[in-house]
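Scope of the values below: all heavy atoms of this structure, side chains included, with no hydrogens, waters or symmetry mates. Remember, predicted model here, so these are calculated numbers, not experimental data.
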Amino acid sequence: MPVHDSPIKQIRKDKKRNLQNKQFKSALKTSIKKVYTAASINEKQNNFKTATKLLDKNAQKQTIHWKKAARKKSRLAIYLNKQKEAKAK
């Protein structure tokens with residue numbers, strides 16, 4: 001355990017940030033799963049919008065890397081477009 005005040009405060013801040021990051025990542029994962037498990041295309045589109053918002057927010061807060069967020073958004077969009085094409089046929 002640290003003796004000085006500033007490392008003690010840093011440990012407190014790290015615990016708080018770690019908890020927040022876990023919550024953000026968990027919400028992100030569930031929103032992405034909702035895109036894949038939704039029954040109708042309208043639900044998938046709505047869930048896609050919320051997932052992209054969460055991806056952008058997490059990338060902005062540097063919870064995840066911005067390139068990872070872009071890759072996930074791209075893959076979700078490709079999946080959604082394939083689902084639309086399959087329904088159109």
Verify same cluster id: Trp66, Leu28 (apolar side-chain graph, 4.5 Å): no

Which is it for Lys25 and Ile64 under the side chain to side chain contact (heavy atoms under 4.5 Å, CB included) test, yes or no, and what are the steps along the way? CA-CA 8 Å; Lys25 285 183 182 182; Ile64 59 171; 4.3 Å; yes

[X] atom [atom1], neighbour heavy-atom count above 12 within 6.0 Å:
X: Lys67; atom1: NZ; value: no
X: Lys84; atom1: NZ; value: yes
X: Lys34; atom1: NZ; value: no
X: Lys44; atom1: NZ; value: yes
X: Asp5; atom1: CG; value: no

[atom1]-[atom2] distance between [X] and [Y], expressed to the nearest 0.5 angstrom:
X: Ile32; Y: Thr37; atom1: CD1; atom2: OG1; result: 12.0 Å
X: Gln60; Y: Leu55; atom1: CD; atom2: CG; result: 13.0 Å
X: Thr52; Y: Lys57; atom1: OG1; atom2: NZ; result: 11.0 Å
X: Thr63; Y: Asn21; atom1: OG1; atom2: CG; result: 4.5 Å
X: Leu80; Y: Ile41; atom1: CG; atom2: CD1; result: 7.0 Å
X: Gln45; Y: Ser40; atom1: CD; atom2: OG; result: 9.0 Å

Show your reasoning for whether side-chain hydrogen bond (donor to acceptor under 3.5 Å, both in side chains) applies to Gln10 and Asp14. CA-CA 6 Å; Gln10 190 64 39; Asp14 288 343; 3.3 Å; yes

So, for [X] and [Y], which heavy atoms are closest and what is the spacing to 0.1 Å?
X: Phe24; Y: Lys61; answer: CZ-NZ, 3.4 Å
X: Val35; Y: Ala51; answer: CG2-CB, 4.2 Å
X: Phe48; Y: Ala77; answer: CE1-N, 3.6 Å
X: Ala38; Y: Asn47; answer: CB-ND2, 3.8 Å

Lys15 and side-chain contact (heavy atoms from CB on, under 4.5 Å): which single residue from Leu19, Asn18, Ile11 fits? Ile11

List the steps and the verdict of side chain to side chain contact (heavy atoms under 4.5 Å, CB included) for Ser74 and Ile78. CA-CA 6 Å; Ser74 174; Ile78 289 169; 4.0 Å; yes

